[in-house]
Amino acid sequence: MSNHDASNAVIQPTNFIHQIIEQDQQQGLEKVVTRFPPEPNGYLHIGHAKSICLNFGTAEKYNGECNLRFDDTNPGKEDQEFVDAIMDDVRWLGFNWAGEVRYASNYFDTFYAWAQHLIREGKAYVCDLSPEEASEYRGWATEPGKNSPFRERSVDENLDLLERMKQGEFDEGSRVLRAKIDMTSPNMNLRDPILYRIRKASHHQTGDKWCIYPSYDFAHGQEDAIEGVTHSICTMEFADHRPLYEWFIENLPVPSKPRQYEFGRLNINYTVTSKRKLKQLVDEGHVNGWDDPRMPTIQGMRRRGYSPQAVRNFCDSLAVAKTDGTVDMAQFEFFIREDLNENAARAMCVMNPLKLVITNFPEGEVEMLSAPVHPQKEMGTRTLPFTRELYMDRGDFNEDSTLSRKKFRVLVPGDYMRLRSAYVIKAEDVIKDADGEIIEVHASLVPGTVGENPPEGMKPRGVMHWVSATEGKQATVRIYDRLFNVESPDKGEGDFLANINPDSFSEITNCWVEPDLLNAAPETGFQFEREGYFVADRYEHSPEHPVFNKTIGLRDTWKK
RNA sequence: UGGGGUAUCGCCAAGCGGUAAGGCAACGGGUUUUGAUCUCGUCAUGCGGAGGUUCGAAUCCUCCUACCCCAGCCA
């Protein structure tokens, strides 16, 4: 069991950030404000989900607010498509951001004024070094950098140059605005970092208004300050930037003083979560788009049938610490199953059909049986049409009647088996085709065994699922397995693509399901009993052409 | 290498000087018309290593080791 309190919400473990917040509150902090600041240059994945849960969850926990803010400072890589998808993802997870969606680009005018402010203070200058030259001047870990020859330009010249950069007078790459900090700092981020670079690209929010765009460093902390963010939570790789983050907060007339805190990124084994790699999987067609059910994207998980609650429970179970560990996929799967077991309606689906004829049940007759939607919870009942001709799964029949009852809970000639939510039957005969392949099993039902135990001496070997061959419906089932078959696909020598699991996807078109399943709304999750959890496909499922995606199998503890 | 960060059970972790929580996984037992669920139980004389301080150390000090991040006009 995971940690649940009385209201069945996952108890969030305390973490160092919450400890800090509680200390701050004791010092008089009134309202906690956080933000989730994605760059709209790709789709969100499970790692972002952790950040979303942390930021929104923290605000929720302390009755504060959390903003959704797009860090859109690099128009070349960004797109409205991603803005839309990200908003959809955050909502799907069940979070509401405070007020309107924010954009870094909302504050571009302010940033420009602040750049001028730094120039006037003698703390910023326009540098004409080429990228290559700048790299040389920057020095290296063990060797200090050299001051740029443009470092001592006059305030007026800097102001003029910056204005002309803004007007588009200069080529991309020809000039940048840099902060004047310390070219000998052991922290490379402090060696006169770039504030503005020339980018003559159209921006998805501001169009062609700007020819210069602020760098992440010159934007992020100020965005936080403008929005009154109190705790700016980011991942560990930004720890090196904190001194710079603080430098801007100290040297600019910002309206508030946010603090940055870093936590360790989420890694999960058997998958990848780098935007570059995910994009490559999509672009090269190794998966069918960003929402392919095998993708660790939020869109992919959604289409796979993971519920938002399961994703949140998983994220909340994760510790917020500075360690960079890798969580077992099994831990995620636990929360997916836990949620689906609790909430998914049960149904039957035969995926490898074998005709089963009930010889003592009249032809043409349909008996409507009633079965619970859920074995433990009160979720009502469903009706199952029982007929003379049924389908059972081939894997549930074996011709060898000497098989151990304990190890093989399957139908064998001369023995009994329970049909789930229906009769106990006894296999009597096997019909084969010319090639010797079994094409039908004939069996007789034991009267009075629906909802009742059979008479003494007719102990069923096990329980199996079934669907009426005449009343059931044909459906397509898509089987998904992990995309990679090694624990750390991105570690090691070779290309991570070499670790792709060639059997991660298969489609079965000849499945038989309970007739009611045709009416399932897209994105409804079910447990196909004894098979696993499946979801009606978000886009392609319809009553005319039912399509179910395998979300995850049942926990399977029996050993051969 | 200079800077930043991290090391506690197979995995994720709590622990904040008083004698190793919890979850996942695993392994046993019970219940069961899903080999599911549920349920009961087992699972670190040990906290990267070596010293030291202390009545007492995973927690404090010293040195060492390993791993991750930065050195984009990316975020």
Side-chain angles (χ1 to χ4, degrees), chain A residues 1-3 10-11 13-15 19 37-39 41 71 73-74 76-77 127 129-131 134-135 138-145 172-178 185-191 193-199 212-213 215-217 219-220 234-243 262 264-266 269 275 317-319 321-335 337-338 341-342 346 348 371 374-376 406-407 409 417-424 449-454 460 462-465 527-533 553-559:
Chain A
M1 262 332 276
S2 55
N3 299 316
V10 172
I11 295 171
T14 179
N15 61 59
Q19 288 178 4
E39 182 188 16
N41 69 344
D71 221 346
T73 57
N74 191 1
K77 294 187 174 178
C127 179
L129 252 24
S130 70
S135 176
R138 191 157 36 237
W140 202 65
T142 46
E143 58 183 280
E172 287 189 13
S174 63
R175 287 186 163 87
V176 292
L177 182 73
R178 302 174 69 178
S185 171
N187 181 344
M188 303 297 289
N189 294 119
L190 265 19
R191 321 251 263 225
I194 289 174
L195 274 41
Y196 270 108
R197 70 281 213 210
I198 299 169
R199 278 292 123 78
I212 54 173
Y213 289 91
S215 64
Y216 164 84
D217 288 306
H220 205 93
C234 62
T235 40
M236 285 309 298
E237 66 267 28
F238 293 101
D240 281 342
H241 294 247
R242 189 172 356 106
E262 311 88 19
R265 248 181 205 293
L266 167 64
N269 56 194
K275 264 186 199 172
S317 80
L318 265 13
K322 289 174 180 286
T323 40
D324 53 334
T326 302
V327 177
D328 263 332
M329 190 59 183
Q331 186 166 337
F332 191 9
E333 292 177 338
F334 168 82
F335 287 98
R337 289 197 182 95
E338 181 188 53
N341 173 57
E342 177 87 357
R346 307 293 129 121
M348 291 194 280
H374 193 285
Q376 282 87 30
K406 191 158 176 62
K407 285 189 177 174
R409 302 193 186 174
M417 192 76 171
R418 158 73 71 180
L419 292 179
R420 178 67 166 160
S421 298
Y423 296 94
V424 169
T449 51
V450 175
E452 301 292 337
N453 286 127
V463 182
M464 66 184 198
H465 54 106
Q527 183 197 102
F528 290 166
E529 290 189 285
R530 303 210 312 136
E531 293 287 1
Y533 296 99
L554 256 24
R555 197 162 75 98
D556 192 357
T557 52
W558 61 294
K559 51 256 169 202

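Nothing here was measured: the structure is a model prediction, and the numbers come from that model. Here is the naming used below: chain letters follow the sequence lines, and residue numbers restart at 1 for every chain.
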Pick the P atom in C40(B) and in G22(B), then give their distance to the nearest Å. 14 Å
Check: N189(A) and P243(A) side chains under 4.5 Å, non-hydrogen atoms: no
Within the structure shown, what part of the strands sits under 4.0 Å from H241(A) by heavy-atom distance: base, sugar-phosphate, or nothing? base
Selected nucleotide, minimal atom distance to N74(A) side chain, candidates C74(B), C12(B), G35(B): C74(B)
Report the nucleotide, chosen from G5(B), A25(B), G2(B), that has the shortest atom-to-atom distance to any side-chain atom of M188(A). G2(B)
Expressed in angstrom and rounded to an integer, what is the separation of E262(A) atom CD from A75(B) atom C1'? 15 Å
Would you say that D324(A) contacts R265(A) through its side chain, given a criterion of any heavy-atom pair below 4.5 Å between the two side chains? no
Out of G2(B), A25(B), G15(B), which nucleotide sits closest to the side chain of T14(A)? G15(B)
Answer with base, sugar-phosphate or nothing: what part of the nucleic acid does T73(A) contact at a heavy-atom distance below 4.0 Å? sugar-phosphate
Establish, with yes or no, whether the OP1 or OP2 oxygen of A71(B) is under 4.0 angstrom from a side-chain nitrogen or oxygen of R191(A). no
Give a yes or no answer on whether the side chain of R418(A) reaches the backbone of N453(A) with a donor-acceptor pair at less than 3.5 Å. no
T235(A) side-chain N/O to E237(A) backbone N/O, donor-acceptor pair under 3.5 Å: no
Span that lies between the C1' atom of G51(B) and that of A71(B), in whole angstrom: 36 Å
Across the strands shown, which category fits D240(A) at heavy-atom distances under 4.0 angstrom: base, sugar-phosphate, nothing? base
To the nearest angstrom, the CG-P distance between L266(A) and C68(B) comes to 18 Å
Can you give me the closest heavy-atom contact between R199(A) and N74(A), atom names plus distance? NH1-OD1, 4.0 Å
Minimum side-chain heavy-atom gap D240(A)-M188(A) below 4.5 Å: no
Using modelled atom types and a 3.5 Å cut-off, is there a donor and acceptor pairing between side-chain atoms of S185(A) and backbone atoms of L190(A)? no
Look at all strands and tell whether G173(A) reaches a base, only sugar-phosphate, or nothing, counting heavy atoms closer than 4.0 Å. base
Using the C1' atom on both, measure A57(B) against G15(B) and round to a whole Å. 13 Å
How close or far is atom C1' of A36(B) from atom CZ of F334(A), stated in whole angstroms? 14 Å
In terms of the nearest nucleotide of RNA chain B, which residue is placed more toward the 5' end: T142(A) or K322(A)? T142(A)
Closest non-hydrogen atom pair between L318(A) and V327(A), with its separation: CD1-CG2, 4.1 Å
Just call it for F238(A): base, sugar-phosphate, or nothing, with non-hydrogen atoms closer than 4.0 Å on any strand. base
Using only modelled atom types and a 3.5 angstrom limit, is any donor from either the side chain of E333(A) or the base of A25(B) paired with an acceptor on the other? no
Using the P atom as the reference point in each nucleotide, state the distance between A14(B) and G72(B) in Å, no decimals. 34 Å
Starting at atom CZ of R409(A), determine the distance to atom C1' of A36(B), rounded to an integer number of angstrom. 11 Å
Quick one: classify the glycosidic conformation of G49(B) as syn or anti, with syn meaning within 90° of 0. anti
Which nucleotide in C73(B), G5(B), A36(B) has an atom nearest any side-chain atom of T557(A): A36(B)
Of the listed nucleotides G2(B), A75(B), C73(B), the one nearest the side chain of P186(A): G2(B)
Just wondering, do I198(A) and Y213(A) contact through their side chains at under 4.5 Å, heavy atoms? no
Scan G451(A) against the nucleic acid and name what it touches under 4.0 Å (heavy atoms): base, sugar-phosphate only, or nothing. base
For R197(A) and G72(B), give me the distance from atom CZ to atom P, rounded to whole Å. 14 Å
With no angle test and no hydrogens, is the base of G4(B) tied to the side chain of N187(A) by a donor-acceptor pair under 3.5 Å? no
Return the nearest nucleotide to the side chain of A141(A); candidates are G35(B), A13(B), A71(B). A71(B)
With heavy atoms under 4.0 Å as the rule, sort S185(A) into base, sugar-phosphate or nothing. nothing
May W558(A) be described as stacking on the base of G35(B), applying a 5.5 Å centroid limit and a 30° limit on plane angle? yes
From CD of E237(A) over to C1' of G5(B), roughly how many Å is that when rounded to an integer? 11 Å
With heavy atoms under 4.0 Å as the rule, sort V463(A) into base, sugar-phosphate or nothing. sugar-phosphate
Mate of U42(B) across any strand shown (Watson-Crick or G-U wobble, both atom pairs under 3.5 Å) is A26(B)
Residue S135(A), side-chain heavy atoms: nucleotide from C12(B), G72(B), A75(B) that is nearest: G72(B)
Taking C68(B) as the reference, what is the distance to A26(B) when you measure between their P atoms (whole Å, please)? 29 Å
Suppose we define a pair by two distances each less than 3.5 Å, Watson-Crick or G-U wobble; what does U34(B) pair with here? none
Just call it for Q376(A): base, sugar-phosphate, or nothing, with non-hydrogen atoms closer than 4.0 Å on any strand. base
Once you apply a heavy-atom cut-off of 4.0 Å, does R138(A) come out as touching a base, just sugar-phosphate, or nothing? sugar-phosphate
Distance between P atoms of U45(B) and G49(B) (Å, rounded): 13 Å
Closer than 4.0 Å, any side-chain N/O of R199(A) to the OP1 or OP2 of C74(B)? yes
Which is true for I212(A) with a 4.0 Å heavy-atom rule: it touches a base, it touches only sugar-phosphate, or it touches nothing? nothing
Roughly how many Å apart are C60(B) and U6(B), using the P atom of each and rounding to a whole number? 13 Å
Comparing nearest nucleotides in RNA chain B, the 5'-proximal residue of the pair R242(A), L419(A) is R242(A)
A14(B) pairs with, by Watson-Crick or G-U criteria that keep both distances under 3.5 Å: none
Could you tell me whether the side-chain ring of W140(A) sits stacked on the base of G2(B), using a centroid cut-off under 5.5 Å and a plane angle under 30°? no
Let me know the distance between CG of L554(A) and C1' of C38(B), rounded to the nearest Å. 14 Å
Tell me what Q527(A) touches on the nucleic acid: a base, only sugar-phosphate, or nothing, going by heavy atoms under 4.0 Å. base
N/O (side chain, Q19(A)) to phosphate O (OP1/OP2, G15(B)) under 4.0 Å: yes
It should be established whether S317(A) places a side-chain nitrogen or oxygen under 4.0 Å from OP1 or OP2 of nucleotide C12(B). no
Under a 3.5 Å limit on both distances, the Watson-Crick or wobble mate of U6(B) is A66(B)
In this structure, how many angstroms lie between the C1' atom of C24(B) and the CZ atom of F335(A), rounded? 8 Å
Polar pair under 3.5 Å, donor/acceptor by atom type, side chain R346(A), base U34(B): yes
Shortest non-hydrogen pair, D71(A) vs E39(A), comes out as O-CG, 3.4 Å
If we take the C1' atom in both G4(B) and C9(B), what is their distance in whole Å? 29 Å
Report which part of the nucleic acid R555(A) touches: base, sugar-phosphate, or nothing (heavy-atom distance under 4.0 Å, all strands). sugar-phosphate
